[in-house]
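Report on the structure given below.
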Amino acid sequence: MDTYTSAVLQLKNAVTDAVNRAIENGELPKAEIPEFIIETPADSTHGDFATNAAMAGAKAFRMPPFKIAQAITSCLELEGTMFERFEIAGPGFINFFLGADYYAGVISEILRDPEGYGSSDFGKGERVMVEFVSANPTGPMHMGNARGGALGDCLAAVLSKAGYRAYREFYVNDAGNQIEKFGCSLEARYLQIFKGDEISFPEDGYQGADITELAREYADLNGDALVNASSGERRKALVDYALPKNIKKMQEDMAAYKIQYDNWFFESELHKNGEVKKVVDLLTQKGLTYEKDGAVWYKNKEVLTKKLLAEGKTQKYIDNLELKDDVLIRQNGNPTYFAADIAYHKNKFDRGFETLIDVWGADHHGHVMRMKGAMDAIGYDGDKLNVVLMQLVKLVRGGELVKMSKRTGKAIQLHDLLEEVPVDSARFLFNTREANTQMDFDLDLAVSQDNQNPVYYVQYAHARICSIFKALESEGITPRECTKEELSLLIAPEERELISHLAVYSNEIISSAKDCDPTKITRYVTQLATLFHKFYNACRVKGEDEPLMQARLSLCACVRSVIKNVLTMFNINCPDSM
């Protein structure tokens, strides 16, 4: 158990014991002890920790909170804990102040295992599938994929740190309607090369320049061999040529973005293996499908209504959702994307994953509830499917919205972004805003090498600490292990504030994992860099008495280790000099 968690547990037990003693000696009436919280006050002058135990007990003890607080504190025993004093504040809050042992303990804990610090067994080894990006393979990857890639990859890293067995997967939609449209688009562009304007382009076709380029490549290699072929044969040949090239490009872009997937899962396998048909048959066996206008429909409205009523929602609330049923098999006999998606999520559970996390664009909002309901319908727990909805990204340069690449004059793609912006900067910046908020990605900021760029700011803090050690080493000063008494010399407000922030790292990792929000960790490490610079400006390292100098070097080593810990976890470079 880390030092921070130990302190919280000590305090929880001390307050509970004090309440029990107050009941035993008659200062509080007999009653069941209500739930109370231990929290960190926003204002550090209000203590290192605080509890609302007195307010929480007002109803049970039928006394004013202030009097309850007096009764509790009269029975509090802090001996043997990491706390040295307490005070009653406001209407009945009890504030607690940590002693030197706590701060010394945090530093010792980090130095014992710098690389492992922050890790926990919170996840108990639970297998979690994180599926992210999963871009349509019919065209280049865009800014939404760039944001989703950084969020998904760093979320998987946080989950691993928190004790889960996280697995990264890319779902390749290489079947269905979009591939048919891809084939039609390629066919039209290919035929236009040889027949010109007499060949019209499909109204709903893919208009991108990449389609024209792929058709031209095929024509350059194979000439007009497909002009007189049947449409089906022509489209198949073009798709068989173009699709693997697009998928290979996606894999290369992800590798350049420092993302390594455990698996690239192909939708086409679900159709080949009969898994899509099996899931439709399963829903039919459960009485959850019907035929209408030659298509097979899923009773989405019935399933979700039942689920929502069980959750306590009113019929009026449900009616306002305007739930509708969904087509699983079209009139032409082809399965819909929804049918394949149900089969895919079933496949994930069948592979032994206990929790599924999908990173989707915000335009998939309406798909979340029906997919959770579908999991319930086929016998799984829909609540074990968590969806992170990601808002749009706007690229900004010089305060102006940017839509086109300077280099190509075309819509900016992930590949273009990575040619212009350092990968470290992109991965960090995309993790500075929660997924559910719109984001302006500042291209000028991303390439800047100054403290305005958050990743540079954090990397510089690490490099600065390395330079401190190098400078002292050149003077023959070597860091050594400090005693608890020497570490207890770190009493300056800037030192205590910095150590307190170091102490909550493991807790922040767990909170980030629970909320599926890796941006908490980028904010954490940015604040750590800020607190270090504040400490560095206020507290001399060299030139102090040897014991204090060594204690401050130990603190510097801890900050360096935690910064490296975070950046390494997020696959971002951690330079020793800048």
Side-chain angles (χ1 to χ4, degrees), residues 132-133 135 140-155 157-158 249-250 252-260 359 361-362 388 390-464 517-530 533 563-564 566-575 577-578:
F132 58 102
V133 181
M141 289 195 280
H142 50 69
M143 287 305 100
N145 304 140
R147 188 180 191 185
L151 284 167
D153 194 41
C154 292
L155 172 56
V158 165
K249 180 67 168 59
M250 292 164 77
E252 290 171 349
D253 284 348
M254 287 292 98
Y257 203 19
K258 296 186 179 180
I259 297 175
Q260 294 296 328
V359 180
V388 176
M390 183 184 60
Q391 293 288 344
L392 295 173
V393 177
K394 295 178 182 176
L395 291 181
V396 176
R397 181 186 283 116
E400 299 291 328
L401 189 65
V402 178
K403 291 186 177 179
M404 309 302 284
S405 165
K406 277 184 175 181
R407 182 179 64 84
T408 65
K410 302 171 186 174
I412 294 182
Q413 302 165 6
L414 171 61
H415 180 75
D416 300 318
L417 179 77
L418 297 182
E419 283 195 341
E420 181 171 344
V421 173
V423 174
D424 288 344
S425 196
R427 288 177 64 91
F428 196 96
L429 286 173
F430 276 123
N431 269 294
T432 56
R433 296 290 301 275
E434 294 94 333
N436 61 1
T437 60
Q438 284 201 356
M439 181 179 190
D440 289 348
F441 187 96
D442 190 326
L443 290 164
D444 295 326
L445 177 66
V447 298
S448 66
Q449 295 190 8
D450 57 41
N451 287 341
Q452 296 303 308
N453 183 344
V455 70
Y456 181 92
Y457 182 66
V458 172
Q459 289 172 325
Y460 177 69
H462 181 271
R464 189 178 208 178
D517 181 14
T519 67
K520 289 186 174 187
I521 305 305
T522 50
R523 288 194 296 273
Y524 169 85
V525 77
T526 304
Q527 178 65 7
L528 179 60
T530 297
H533 293 309
I563 290 176
K564 185 174 183 179
V566 172
L567 295 183
T568 301
M569 175 174 64
F570 282 179
N571 211 357
I572 292 171
N573 288 323
C574 195
S577 61
M578 293 177 72

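Predicted, not measured: the structure shown is a model, and the values here were computed from it. Along the sequence shown, residues are numbered consecutively beginning with 1. Computation of the quantities below employed the complete heavy-atom set of this structure, encompassing side-chain atoms and omitting hydrogens, waters and symmetry-equivalent molecules.
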Does any non-hydrogen side-chain atom of [Y] lie less than 4.5 Å from one of [X]?
X: Met250; Y: Leu414; result: no
X: Thr526; Y: Phe428; result: yes
X: Phe570; Y: Pro518; result: yes

Assess, by modelled atom type and distance only, whether the side chains of Tyr456 and Ser425 contain a donor and an acceptor separated by less than 3.5 Å.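 The criterion, which ignores hydrogens and geometry beyond distance, is not satisfied for Ser425 and Tyr456.
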Starting from the C-alpha separation in whole Å, work towards a yes-or-no answer on side-chain contact (heavy atoms from CB on, under 4.5 Å) for Arg427 and Thr522. CA-CA 10 Å; Arg427 288 177 64 91; Thr522 50; over 6 Å; no
Can you tell me how far the [atom1] atom of [X] sits from the [atom2] atom of [Y], to the nearest 0.5 Å?
X: Asn573; Y: Thr568; atom1: CG; atom2: OG1; value: 9.0 Å
X: Phe132; Y: Cys154; atom1: CZ; atom2: SG; value: 9.0 Å
X: Lys249; Y: Met254; atom1: NZ; atom2: CE; value: 9.5 Å
X: His415; Y: Glu420; atom1: NE2; atom2: CD; value: 12.0 Å
X: Gln391; Y: Thr437; atom1: CD; atom2: OG1; value: 7.5 Å
X: Asn431; Y: Leu151; atom1: CG; atom2: CG; value: 5.0 Å

Would you say [X]'s side chain and [Y]'s backbone share a donor-acceptor pair under 3.5 angstrom?
X: Asp517; Y: Glu434; value: no
X: Asn451; Y: Tyr457; value: no
X: Asp153; Y: Ala150; value: no
X: His142; Y: Ile412; value: no

Audit row: Met143, Leu395, side-chain contact (heavy atoms from CB on, under 4.5 Å) steps and yes/no: CA-CA 8 Å; Met143 287 305 100; Leu395 291 181; 3.7 Å; yes
Shortest non-hydrogen contact between [X] and [Y], atoms and distance:
X: Asn145; Y: Val133; value: O-CG2, 3.8 Å
X: Thr519; Y: Arg433; value: CG2-O, 3.2 Å
X: Val421; Y: Ala426; value: CG1-N, 4.0 Å
X: Ala256; Y: Val423; value: O-CG2, 3.4 Å
X: Met439; Y: Thr432; value: CE-OG1, 3.9 Å
X: Val359; Y: Gly152; value: CG2-CA, 4.2 Å

Taking the inter-plane angle between the rings of Tyr257 and Phe430 on a 0 to 90° scale, is it parallel (under 30°), tilted (30 to 60°) or perpendicular (over 60°)?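 Perpendicular, since the angle between the ring planes exceeds 60°.
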Is the number of heavy atoms from other residues, nucleotides or ligands under 6.0 Å of Lys564 NZ greater than 12?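 No, the 6.0 Å shell around NZ holds no more than 12 heavy atoms from other groups.
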Should Asp424 and Lys258 be marked as a side-chain contact (heavy atoms from CB on, under 4.5 Å) after you check the CA-CA gap, both sets of side-chain angles, and the distance that decides it? CA-CA 9 Å; Asp424 288 344; Lys258 296 186 179 180; 2.7 Å; yes
Only one of Val525, Val566, Val455 passes side chain to side chain contact (heavy atoms under 4.5 Å, CB included) with Ile572; say which it is.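 Running side chain to side chain contact (heavy atoms under 4.5 Å, CB included) over Val525, Val566, Val455 with Ile572 returns exactly one hit, Val455.
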Might you work through the side-chain contact (heavy atoms from CB on, under 4.5 Å) test for Ile521 and Met569, ending with a clear yes or no? CA-CA 10 Å; Ile521 305 305; Met569 175 174 64; 3.9 Å; yes
Extract all donor-acceptor atom pairs below 3.5 Å that involve side chains of residues 441-450 and protein atoms in other chains or at least two apart in sequence.
residue : atom : partner : partner atom : Å
Asp442  : OD1  : Asp444  : N            : 3.0
Asp442  : OD1  : Leu445  : N            : 3.1
Asp444  : OD2  : Gly398  : N            : 2.6
Ser448  : OG   : Leu445  : O            : 2.7
Asp450  : OD1  : Gln452  : N            : 2.9

Are Glu400 and Lys394 close enough for a salt bridge, meaning some N to O gap below 4.0 Å?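 A salt bridge is absent here (no side-chain N lies under 4.0 Å from a carboxylate O).
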